[in-house]
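As the structure is a prediction and not an experimental result, all values here were calculated from the model. In this chain, numbering begins with 1 at the start of the sequence shown.
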Amino acid sequence: MTVIKTLRPEDYNEVLHVGHFFRKGVPVLMDLTRLTDDVARQMVDFCAGLICGRGGEMERLDKKIFLLQPPARPRIAAAHIPDLAHIVD
């Protein structure tokens with residue numbers, strides 16, 4: 001079973017946690033609903049750079065919910081993430 005780290009940052013400084021888990025090879029479910037649109041956009045920009053530099057994939061699951069998947073890991077379908085039961089059909 002794959003471990004997924006769910007993060008619900010309250011400010012941009014928490015982007016360090018996203019990078020930490022991603023670099024360790026842990027998929028990250030990033031819920032940005034607590035952030036303003038401007039701060040959420042900054043977080044997504046950081047994650048796009050992380051994906052570009054380290055490899056992997058970033059998938060938008062909802063308006064402010066993203067799944068970051070490190071390279072060389074089995075891919076996770078959004079339907080299999082319990083935290084997303086309210087979003088996935």
When you compare the side chain of [Y] with that of [X], does any pair of heavy atoms fall below 4.5 Å?
X   : Y   : result
E59 : F66 : no
P9  : V15 : no
Q42 : V44 : no

Separation between [atom1] of [X] and [atom2] of [Y], rounded to the nearest 0.5 Å:
X   : Y   : atom1 : atom2 : value
L32 : R41 : CG    : CZ    : 11.5 Å
R60 : I65 : CZ    : CD1   : 10.5 Å
L68 : L29 : CG    : CG    : 9.0 Å
T36 : Y12 : OG1   : OH    : 12.5 Å
H17 : K5  : NE2   : NZ    : 9.0 Å
L7  : F22 : CG    : CZ    : 13.0 Å

Distance-minimising heavy-atom pair for [X] and [Y]:
X   : Y   : result
E10 : E14 : N-OE2, 3.0 Å
M58 : C47 : SD-CB, 3.7 Å
G56 : I51 : O-CG2, 3.5 Å

Subject >> Polar contact flag, side-chain donor to acceptor under 3.5 angstrom, T33-D31 >> reply: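 A donor-acceptor contact under 3.5 Å links the two side chains.
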| message | Has R54 got a side-chain atom pairing as donor or acceptor with L50's backbone, closer than 3.5 angstrom? | response |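 No, R54 side chain to L50 backbone: no donor-acceptor pair under 3.5 Å.
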- Query: Any sub-3.5 Å donor-acceptor pair from K64's side-chain atoms to L35's backbone N or O?
  - Reply: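 Here the side-chain-to-backbone pair exists.
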Q.
For R34, is there an ion pair with D11 - N to carboxylate O distance below 4.0 angstrom?
A.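 R34 and D11: not salt-bridged.
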